[in-house]
Amino acid sequence: MADHNDLIVVYVDEAQGSDLTGNGSIDTPFQSPVAALTAAGLHAMVHSRKTPNETYEPLGTSALKKAKKIVELNEKKARKADELKAKANAENAERSAKEAKRIEDSKNVVLEEDPSLPPAMKTKIRGCTSLRMKRVRISGWVHRLRRQKGPTFIVLRDGTGFLQCVLSDRLSQTYDALTLATEAAIQITGLVQEVPEGKSAPGGHELIADWWGVLGAAPSGDDAFSNRLNAESEGNVLADNRHLALRGEVAASVLHVRAGVLSAFRKVFEAHNLTEVTPPCMVQTQVEGGATLFKFDYYGQPAFLTQSSQLYLETCLPSLGDVYSIQESFRAENSHTRRHLSEYTHLEAELAFITFDELMTHIEEVICEAVSMVLAVPRLAAMLKQLHPEFQPPKRPFLRMSYKNAIKYLNEHGIQRKDDETGRFVDHTVGDDIAEAAERQMTDELGVPIFLYGFPKEIKAFYMKKIPGDEAFTESCDLLMPNVGEIVGGSMRIADMDELLAGYKREGIDPAPYYWFTDQRKYGTCEHGGYGLGVERFLAWLTNRYTVRECSLYPRWPGRATP
Ligand code: 4AD
């Protein structure tokens with residue numbers, strides 16, 4: 001820009017000037033007259049040129065007029081925007097002040113329980129059905145919260161169920177009501193009433209509150225529960241926040257079903273005359289191969305976390321008769337599959353004086369009876385319906401397929417295995433360990449529970465009894481379920497002392513630490529067999545979960561032992 005007879009002259013080069021970086025001088029001109037007038041004011045003289053070869057000339061009258069008009073319009077718009085912004089700021093400030101006052105005033109709204117009302121009966125949410133039209137006192141956590149102009153609606157959760165609670169008038173005007181956030185723990189009293197026709201609520205009723213109070217507040221804002229965890233949260237976030245994820249409906253339903261399943265199995269075992277025992281978790285013998293042992297130092301001696309309580313159960317037979325245990329088992333498997341945990345709940349049973357056929361029948365009975373028992377509990381049946389709408393109890397008898405026939409099936413259906421050495425896919429041959437993928441494909445194709453039995457002795461544990469007359473194979477069985485694969489592994493056990501000693505030898509196991517297990521064969525040996533069922537795998541099948549990790553309270557897998 002330059003002064004020219006007291007007037008500011010501002011330069012515009014339509015070809016090479018820039019409205020962004022120009023300043024109106026002859027060296028760094030603007031590109032448009034509008035930018036020039038905006039910067040220098042409406043009274044400035046605009047000298048412009050269309051191409052760099054021309055000399056600068058005063059801008060023509062009509063072009064100047066047009067540019068001035070646009071500048072005036074822009075200025076008007078800017079003024080308007082400033083006005084609006086100022087108004088919005090003032091309104092916001094007023095609203096904030098009002099809200100602050102409302103919150104301040106709310107501290108004066110103090111709720112007292114009305115002593116003229118009948119005493120409130122302390123109950124859990126599940127007890128409300130039988131307490132309709134009675135005054136009750138309930139404590140729980142705010143699962144959902146909806147504030148309306150008048151009342152506040154809370155869906156309360158206490159582990160036994162969900163209850164809609166209505167806070168009206170003064171009850172929704174207290175400081176606690178205004179600052180309430182989901183997951184706060186509260187206590188509430190009021191009348192349980194059937195919901196009006198056309199409205200729905202859990203249990204068909206709602207609590208019309210006459211008093212309430214916060215027992216343990218929860219934060220809102222950045223630290224609000226929904227910011228810690230929500231439907232979009234990724235796997236690692238979910239795993240780190242498992243303690244909070246447990247509060248979700250799906251996780252809680254799976255755990256309720258889990259409790260129902262454990263209770264059902266216990267009842268079924270009792271009905272079948274099996275006695276519960278609790279074997280140790282710290283052991284000095286292996287059961288299922290050294291490769292998956294968690295080893296630790298036990299007062300200077302090597303020890304392991306148990307892989308299976310089977311050997312201990314066997315020792316109980318002459319003392320208690322048939323026995324079972326529900327105990328954690330540990331496997332140091334570096335498997336990141338959806339059916340492997342490093343620690344899992346192992347339901348194991350051992351039965352004396354049975355045949356292999358009786359063992360498989362028993363497993364089938366126990367599973368079917370436990371499933372019907374769970375389905376007979378209306379609350380669990382409802383949860384299962386939500387989790388796994390298509391679930392059908394398995395039909396007996398289960399399909400029984402020998403290992404040899406399974407190999408045939410795989411080859412006839414083009415299900416191949418990957419050869420370790422060549423990396424190529426090849427047909428299965430008798431003697432192969434059927435890999436998880438092949439087993440799963442076959443199970444999913446058949447779509448029913450399958451007892452796969454009679455595995456070669458080389459791929460099975462040292463304690464398994466051989467099939468009389470076909471000694472290269474064992475009286476062993478895996479129960480395979482669609483979508484999950486193996487949920488049970490069982491077998492008849494070697495009853496004969498010499499055969500057992502040969503089994504140790506074959507697997508390269510030192511028999512010395514097994515003296516107590518070997519003694520079983522010395523003092524009144526008997527034909528016996530048993531099995532182990534992975535509780536999380538059973539649940540993954542029953543509740544249709546993608547992974548066993550969802551079926552464990554705090555799952556452990558390689559690299560994960562937190563929370
Ligand atoms: O087939 P497994 O290894 O058999 C035994 O441990 C026997 N000693 C049991 C017995 O006869 N008493 O394991 C039995 C079951 C499997 O079928 C599977 O359901 C589960 O335990 N299981 C696992 N579940 C989750 N994660 C793992 N890493 C598992 N390993 C086995």
Side-chain angles (χ1 to χ4, degrees), residues 258 261 265 269 274 277 279 281 283 285-294 304-317 322-351 354 356 359-360 362-363 366-367 433-434 436 439-440 443 449-453 455 459-465 474-481 483-494 503 507 517 528-542 545 547-552 555-558 560:
R258 182 184 163 105
V261 160
F265 273 119
F269 283 135
L274 276 78
V277 291
C281 281
V283 301
T285 45
Q286 52 135 310
V287 190
E288 298 299 328
T292 62
L293 282 172
F294 276 110
F304 318 110
L305 296 177
T306 186
Q307 295 172 309
S308 159
S309 298
Q310 174 197 324
L311 308 191
Y312 293 98
L313 294 187
E314 289 187 49
T315 67
C316 296
L317 293 176
D322 301 342
V323 283
Y324 75 95
S325 63
I326 301 178
Q327 189 95 313
E328 297 296 278
S329 277
F330 304 85
R331 302 284 168 105
E333 284 173 291
N334 205 9
S335 311
H336 287 261
T337 78
R338 56 192 173 112
R339 65 179 204 179
H340 284 95
L341 293 165
S342 306
E343 172 177 352
Y344 69 96
T345 305
H346 207 168
L347 184 145
E348 295 180 272
E350 204 63 33
L351 299 101
I354 52 161
F356 185 39
L359 174 67
M360 284 193 277
H362 162 89
I363 296 172
V366 164
I367 286 181
D433 199 356
I434 301 174
E436 190 177 322
E439 183 188 277
R440 185 190 292 271
T443 315
I450 308 166
F451 264 124
L452 202 57
Y453 69 91
F455 293 93
I459 61 167
K460 285 292 176 184
F462 69 93
Y463 54 75
M464 288 189 184
K465 188 188 166 188
T474 54
E475 287 191 329
S476 54
C477 61
D478 283 355
L479 178 61
L480 313 178
M481 291 304 198
N483 293 324
V484 180
E486 180 198 327
I487 65 161
V488 175
S491 77
M492 293 301 289
R493 322 303 192 189
I494 293 173
E507 295 299 319
F517 182 66
H528 64 288
Y531 57 93
L533 174 147
V535 170
E536 292 78 11
R537 289 196 190 173
F538 179 86
L539 281 165
W541 164 71
L542 185 67
R545 293 301 93 192
T547 148
V548 288
R549 295 177 185 181
E550 289 181 70
C551 303
S552 165
R556 268 81 180 98
W557 65 83
R560 165 70 59 184

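Both counts, for ligands and for their atoms, begin at 1 and track the order of listing.
Formation of a donor-acceptor pair under 3.5 Å by the Gln307 side chain with backbone atoms of Gly289 is found in this model.
Shown are His346, Gln310, Glu288; of these, the side-chain hydrogen bond (donor to acceptor under 3.5 Å, both in side chains) with Ser329 is made only by His346.
Partners of Arg537 under the salt bridge (Lys or Arg N to Asp or Glu O under 4.0 Å) rule, at least two apart in sequence or in another chain, do not exist in this structure. Under the rule for a ring-ring contact (aromatic ring centres under 6.0 Å, His included), the partners of Phe538 that lie at least two apart in sequence or sit in another chain are Phe265, Trp541. Evaluation of the salt bridge (Lys or Arg N to Asp or Glu O under 4.0 Å) rule for Lys465 yields Glu475, Glu527 as partners, not counting sequence neighbours.
Thr306 and Gln327 share no side-chain donor-acceptor pair at under 3.5 Å.
Near ligand 1, Val287, Glu288, Ser308, Gln310, Arg331, Glu333, Arg339, His340, Leu341, Tyr344, His346, Glu348, Tyr463, Glu486, Ile487, Val488, Gly489, Arg493, Gly530, Tyr531, Gly532, Gly534, Arg537 each place a heavy atom less than 4.0 angstrom from the ligand.
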